[in-house]
Amino acid sequence: VQLQASGGGLVQAGGSLRLSCAASGRTLNGYNMGWFRQAPGKEREFLATIAWSSGATYYADSVKGRFTISRDNAKNTVYLQMDSLKPEDTADYSCAASKVFATQLPRRYEYWGQGTLVTVSS
């Protein structure tokens, strides 16, 4: 599976961004797609995951209510809608694929896309 993340950029605090993660190379059936972020000097942080087949979702407490993960099966794409952004949301955001649902552990994800940078100004 090849994953390509996009949609990052500069946004003011309180604003919104939608990230996309396009998958290619094989079907995503049986996989769970996750979003992570990593800020400079910090560990990679789990944000959300969605089961490709059922659409079931799971969120980290830190983003629950502000971020929404979704998928478009026809486009083989996963999205992360980010609302009410804060300066502390500034990070490099990556998507990944795992056979395990609702896991927050990066090591359980088999495939990773390159990051897309999100910068939130105050």
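Because the structure is predicted, anything quoted here is derived from the model rather than measured.
- There is no path of hydrophobic side-chain contacts, each under 4.5 Å, that joins Ile50 to Tyr58.
- Note that CD of Gln81 and CD1 of Ile69 are 12.0 Å apart. Values are rounded to the nearest 0.5 Å.
- In this structure, Gln4 contributes its side chain and Gly113 its backbone to no donor-acceptor pair below 3.5 Å.
- Leu47 places a side-chain heavy atom less than 4.5 Å from the side chain of Tyr93.
- Closest of all the heavy-atom pairs between Ser20 and Trp35 is O-CH2, 3.6 Å.
- Relative orientation of the Phe36 and Trp112 rings is tilted, given thresholds of 30° and 60° on the angle between their planes.
- A donor-acceptor pair under 3.5 Å is formed between the side chain of Thr90 and the backbone N or O of Val120.
- Among all heavy-atom pairs drawn from Ser94 and Gly115, the shortest one is OG-CA, 3.6 Å.
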- Task: Go through the steps for Glu45 and Gln38 under the test side-chain contact (heavy atoms from CB on, under 4.5 Å), then give the verdict.
- Result: CA-CA 6 Å; Glu45 177 188 8; Gln38 188 166 22; over 6 Å; no
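- In this structure, the side chain of Ser84 does not engage the main chain of Gly14 through any donor-acceptor pair within 3.5 Å.
- Side-chain N or O atoms of Asn32 include one that pairs as donor or acceptor with a backbone N or O of Ser98 at under 3.5 Å.
- Here the shortest heavy-atom pairing between Tyr31 and Tyr111 reads OH-CE1, 3.4 Å.
- Cluster annotation: Tyr79 and Phe46 are assigned to distinct hydrophobic clusters (Ile/Leu/Val/Met/Phe/Trp/Tyr, side-chain heavy-atom contacts under 4.5 Å, transitive).
- Looking at heavy atoms from C-beta onward, Tyr109 lies in side-chain contact with Thr103 at the 4.5 angstrom threshold.
- Note that NZ of Lys86 is 14.0 Å distant from OG of Ser122, once rounded to the nearest 0.5 Å.
- For the side chain to side chain contact (heavy atoms under 4.5 Å, CB included) test with Phe67, the passing option among Leu19, Asp83, Leu80 is Leu80; the others fail.
- At a threshold of 4.5 Å between non-hydrogen side-chain atoms, the residues Arg44 and Arg37 do not count as touching.
- When all heavy atoms of Leu10 and Ser121 are compared, the pair lying nearest together is CD1-CB, 4.3 Å.
- Criterion: ILVMFWY side-chain heavy atoms under 4.5 Å apart, direct or through other members. Under it, Leu3 and Val78 are part of a common hydrophobic cluster.
- Listed by first and then second residue, the side-chain hydrogen bond (donor to acceptor under 3.5 Å, both in side chains) pairs that reach into residues 63-77 are Asp61-Lys64, Arg66-Asp89, Arg71-Asn73, sequence neighbours excluded.
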